[in-house]
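Only this structure's heavy atoms are used, side chains among them; waters, hydrogens and symmetry mates stay out. Order of the sequence lines sets the chain letters (A, B, ...), proteins ahead of strands, with each chain counted from 1.
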Amino acid sequence: MFKSEKRRVEKILRNFLEQKEIPVPESFQWKPIPFSGEWGMSVSFFKAAAQEARSGKQVNVPERAGEIARMAADLISGEDEFSRVEAVQGYLNLYFAPDQFSRKVVDSVLAEGADFGSGEPKGERLMVEFSQPNTHKAFHVGHLRSAILGDAVCRILEFAGYDVVRANYYGDIGLHVIQWLWNYMKFHRGEEPPQDTTRWMGDLYAEAVKRLEENPEYEQEVRDLYARWDERDPEVVALWKKTREWSLKGFENLYQILDIEFDRYYANSMVEEQGKEMVQELIEKGIAEDLRPEDAVLVRLDDLLGLENEKYRVLVVLRSDGTALYQTLDLALAKLKFEEYDLDTSIYVVDVRQKLHFQQVWKTLEIAGYDWAKDCEHLSYELVNLPGNVVMASREGTVVLLEDLIREARARALEVVEEKNPSLASDEKEKVAKAVGLGAIKYPMLDRDNTRIVTFDWDTALDFNGQAAPYIQYAHVRANSILEKMEGPVPEALTPDYTLNPAEIELIERISRIPDEIQNAARDRKPLHLTNALYDLARSFNAFYRECPVLSAEDPVKSFRLRLVAAAKQTIANGLTSLGIGAPSVM
RNA sequence: GCCCCCGUAGCUCAAAUGGAUAGAGCACCGGACUUCUAAUCCGACGGUUGCAGGUUCGAAUCCUGCCGGGGGUACCA
């Protein structure tokens, strides 16, 4: 927003600085003016002054910056697009005429509608791999962060102008699957999953683990079953496929409830063979050492790179018995992704514990000559723990099941709707409860930095007050409510001919910042930037709501405010949508 | 040992990427529903940004060293 104004002023400043033989910065960093209650933009001259000082001139930097700012201010004062120009403490502050500025913001939101905040197409294709659930296991709250963060990042990237491929990568092979199958064949043969499929799959897995712990003599049976699987025994393979489908259907159901979609599903089993082939290739190229049968196949990364200190260490790419490891699969999957799609960047939303793993895999691929390896990016995030720093683990039984959390959140939200808005039709209440309950679940995973641990506790998860999604949703509802009561359509565009209330100025400013924050969030892969901006916007709307009557105002004021309310509602809705959170019209 | 995160108000977190006066929520205290939805708002309280140096005109932010917490570190995923 205001790119043309910025460019014009920059041109003037550049000429002025050159003329005065003051160092010209490479780029001007425009910032909003704090504490103003008036809209504008500012730029500082500390860098120019500091550069002068460094080049030998006898200058006091803050004083000199102030001097330059004052000279610049005198120069710009002639420009009529600014209502006020001032130099304060080394900053050049340019204020926009509030009436022109506010009209421009409101008009562009209403003209662009659901596209307001979106970026120009970038012509770049990114793949985001997120949510890597294991079949035959539970889906718990610990798994939620990758799913929610990944989904939000995809939505933000798309809105920002990137071409995004959403990839899911599920684990459908491994010891846990064999253990599950063993338990099923021995104790549950013929059973069909109940409604709550994912819970049942998880329960059977936990049961298998428990049985094996209590009766070590069963280990042999599991080993035998693993052998049958390795030989692709038709009965075992058929059962594996059938039961895997149960898990996948259960996951699909959860994704649907969470409103998360994927374009491409990858599975461990799909890349096992290619992975082994790539290991063979690495051996032939002399990158990997084949020490079988005594030892595994490994890549000594630090040695290959001639590093003194331990950095990449040693990557085992194949077990000594020739079976594949996680890293074997990831070598092949990375390649498959670039082959299938012509990617500019391949992003992995995976928890921080796997940082070294990815560095190793990608460095190995780079050494092997795959130049796209440098375009792989690990979007790492911290875990979701339970109070007392307890990690959620299926084996330990220290989990909060996703189904339970969703059900509780929706039930709690429904209670509140019943209380606040008893006259709503019951299906409306259900819809509201879903949007509010899910929003409350998603928000804590998005409003803090990815590098921070989230501690899950029921009280916080089910608290709908304060800094949380329902707060933002509520602002949307209030805006909608005013528009509902408005007679006729949204008024035609107009320039406000009255002195705007500070609350209106603030609200307009918050709206105008959203497009930049979308870009920031996309660039850093941090939904946090957007949640912050949206929360501030909602807060400004509530202040406006209190300070500025809309429906009872006289007409020129009323018309402009109605347009402002419509713009605020649209912007909040666009922001929530980019986070994967619903924007209900009533609650 | 080596590597990666985290440390900001009693608690949970921000801080526009090195800039003007470090901000919110929760909790606690005091107020506001006959008025566009009180899931809201207003006020009060609350800070040596873990510690010590350094770089800089300017540091919560960058560098070094400590302290405290978490995680990773060759055939788990």
Side-chain angles (χ1 to χ4, degrees), chain A residues 29 31-35 42 44 46-47 49-50 53 59-65 88-91 93 132 134 171 174-176 268 291-292 295-300 309-321 323 325-327 329 351-357 359-360 380 382-383 385 389 391 413 416-417 419-421 436 444 447-449 451-455 459-460 463-468 470-471 473-475 477-486 513 516-517 520 524 528-529 531-533 535-536 539 542-543 545-553 561 565 586-587:
Chain A
Q29 295 221 329
K31 301 183 175 250
I33 305 167
F35 332 114
S42 73
S44 74
F46 293 103
K47 286 206 167 59
V59 295
N60 172 305
V61 171
E63 270 176 28
R64 178 61 176 160
V88 181
Q89 298 186 57
Y91 283 79
N93 292 340
Q132 298 86 352
N134 284 322
L175 181 61
H176 77 276
N268 290 162
L291 304 175
R292 288 176 294 177
D295 210 338
V297 180
L298 45 85
V299 180
R300 299 181 196 276
N309 296 334
E310 293 179 48
K311 182 167 184 194
Y312 295 102
R313 299 167 189 259
V314 174
L315 178 66
V316 176
V317 289
L318 204 61
R319 287 199 187 87
S320 47
D321 65 3
T323 56
L325 287 139
Y326 189 53
Q327 30 270 42
L329 310 180
D351 78 66
V352 66
R353 292 176 301 188
Q354 287 168 49
K355 199 173 208 80
L356 178 61
H357 161 78
Q359 284 178 345
Q360 291 176 321
S380 74
E382 264 293 357
L383 303 181
N385 285 348
N389 200 28
V391 179
V416 183
V417 185
E419 178 197 325
K420 305 277 179 189
N421 217 335
V436 172
D447 86 323
R448 69 191 60 207
D449 220 329
T451 54
R452 291 194 103 95
I453 296 170
V454 172
T455 302
D459 286 346
T460 313
D463 184 1
F464 298 157
N465 295 316
Q467 209 167 22
Y471 179 91
Q473 291 170 320
Y474 186 63
V477 165
R478 281 178 142 183
N480 183 64
S481 179
I482 292 174
L483 297 173
E484 292 278 312
K485 291 192 166 64
M486 159 184 74
R513 286 193 199 175
D516 281 347
E517 294 300 344
N520 289 343
D524 295 345
L528 161 73
H529 292 318
T531 54
N532 278 345
Y535 177 75
D536 287 340
R539 220 151 48 89
N542 279 326
Y545 186 90
R546 169 174 47 85
E547 296 289 334
C548 306
V550 178
L551 295 173
S552 61
R561 285 186 178 164
V565 170
V586 290
M587 58 191 274

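Judged by distance alone with a 3.5 Å cut-off, no donor-acceptor contact links the side chain of A:Ser44 to the base of B:rA20. Between the side chain of A:Thr451 and the base of B:rC6, no donor-acceptor pair of N or O atoms lies under 3.5 Å. Contact of A:Arg64 with B:rC57 (side chain to base): no donor-acceptor pair of N or O atoms is detected under 3.5 Å.
Residue A:Asn93 is in base contact, counting any heavy-atom pair closer than 4.0 Å across all strands shown. Within 4.0 Å (heavy atoms only), A:Val550 reaches at least one base atom of the nucleic acid. Nucleic acid contact for A:Val317: none, since no nucleic acid atom lies under 4.0 Å from a heavy atom of the residue. As judged by a 4.0 angstrom heavy-atom cut-off over every strand, A:Val417 is placed among the base-contacting residues. A:Lys485 comes within 4.0 angstrom of the backbone, heavy atoms only, and of no base. Residue A:Asn309 is classed as having no contact, given no heavy-atom separation below 4.0 Å to the nucleic acid. Looking at heavy-atom distances under 4.0 Å, A:Leu298 makes contact with a base. In this structure, A:Asp295 reaches the bases: a heavy-atom distance under 4.0 Å links it to at least one base atom across the strands shown. Nucleic acid contact class of A:Leu483 (heavy atoms, under 4.0 Å, all strands): none. Among the atoms of the strands shown, base atoms are found under 4.0 Å from some heavy atom of A:Val436. Base contact: A:His529 has a heavy atom under 4.0 Å from a base atom. Residue-level contact check: A:Thr455 touches neither bases nor backbone, having no heavy atom under 4.0 Å from any strand. Residue A:Gln354 is in base contact, counting any heavy-atom pair closer than 4.0 Å across all strands shown. Contacts of A:Arg313 with the nucleic acid, taken as non-hydrogen atoms under 4.0 Å apart, include base atoms.
Side chains of A:Gln89 and A:Ser44 form no contact here, defined as non-hydrogen atoms less than 4.5 Å apart. With contacts defined as side-chain heavy-atom distances shorter than 4.5 Å, the pair A:Arg478/A:Asn542 qualifies. Two residues are said to be in side-chain contact when any heavy atoms from C-beta on lie closer than 4.5 Å; A:Lys420 and A:Met587 fail this criterion. For the pair A:Val352 and A:Thr451, the minimum side-chain heavy-atom distance is 4.5 Å or more.
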Could you provide the dot-bracket string of RNA chain B, using ( ) for intrastrand pairs, [ ] for crossing pairs and | for bases paired to another strand, with Watson-Crick or G-U pairs below 3.5 Å? (((((((..((((.....[...))))..((((.......))))......(((((..]....))))))))))))....
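In this structure, B:rC62 shows a glycosidic angle more than 90 degrees from zero, which is the anti conformation.
Interatomic distance, A:Leu356 CG to A:Glu310 CD, rounded to the nearest 0.5 Å: 10.0 Å. Once rounded to the nearest 0.5 Å, the distance linking CD of A:Gln473 with CG of A:Asn480 reads 13.0 Å. Taking CG from A:Asp447 and CZ from A:Arg452, the interatomic distance works out to 11.0 Å, rounded to the nearest 0.5 Å.
Considering only the side chain of A:Tyr474, B:rU40 comes nearest among B:rA74, B:rA24, B:rU40. When the nucleotides B:rC26, B:rG72, B:rC36 are ranked by their closest atom to the side chain of A:Leu356, B:rG72 comes out on top. Nearest nucleotide to the side chain of A:Arg546, out of B:rC42, B:rA16, B:rU12: B:rC42. Proximity note for A:Arg300 (side chain, C-beta onward) versus B:rA74, B:rG71, B:rC26: the nearest is B:rA74. Counting only heavy atoms from C-beta on, A:Ile453 has its side chain closest to B:rG70 among B:rG70, B:rC75, B:rU40. When each of B:rU40, B:rC2, B:rC75 is scored by its nearest atom to the side-chain atoms of A:Ser320, the top-ranked nucleotide is B:rC75. Side chain of A:Arg513, nearest nucleotide from B:rC75, B:rA77, B:rA16: B:rA16. Which of B:rG25, B:rG71, B:rU73 sits closest to the side chain of A:Tyr535 comes down to B:rG25.
Taking the C1' atom of each, B:rG70 and B:rC33 are spaced 47 Å apart, rounded to whole Å. B:rU34 and B:rC45 have their P atoms separated by 29 Å, with the value rounded to a whole Å. Rounded to the nearest Å, the gap between the C1' atom of B:rG1 and that of B:rA20 is 46 Å. Only the P atoms considered, B:rA44 is 14 Å distant from B:rG23, to the nearest whole Å. Separation of the P atoms belonging to B:rA16 and B:rG30 is 36 Å when rounded to the nearest angstrom.
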Check step by step if side-chain contact (heavy atoms from CB on, under 4.5 Å) holds for A:Tyr312 and A:Val299. CA-CA 10 Å; A:Tyr312 295 102; A:Val299 180; over 6 Å; no
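What you find for A:Gly466 and A:Tyr535 is that their closest heavy atoms are O-CE1, 4.4 Å.
Checking the phosphate oxygens (OP1, OP2) of B:rC41, a side-chain nitrogen or oxygen of A:Tyr471 falls inside 4.0 Å. Put simply, A:Arg448 has a side-chain N or O that comes within less than 4.0 Å of OP1 or OP2 on B:rC13. Taking only side-chain nitrogens and oxygens, A:Asn389 never comes nearer than 4.0 Å to OP1 or OP2 of B:rG69. Remark: A:Arg452 is in phosphate contact with B:rG7, judged by side-chain N or O atoms under 4.0 Å from OP1 or OP2. Here A:Arg539 does not reach the OP1 or OP2 of B:rU40: none of its side-chain N or O atoms lies under 4.0 Å away. For the pair A:Arg319 and B:rC76, the criterion of a side-chain N or O lying under 4.0 Å from OP1 or OP2 is met.
Side chain of A:Ser320 to main chain of A:Arg292: no donor-acceptor pair is present (N/O by atom type, distance under 3.5 Å, no hydrogens or angles). With hydrogens and angles disregarded, no donor-acceptor distance shorter than 3.5 Å links the side chain of A:Arg319 to the backbone of A:Leu325.
Atom CG in A:Asp536 sits about 10 Å away from atom C1' in B:rA15, given to the nearest Å. Taking atom CD on A:Gln89 and atom C1' on B:rC57, their separation rounds to 13 Å, with Å as the unit.
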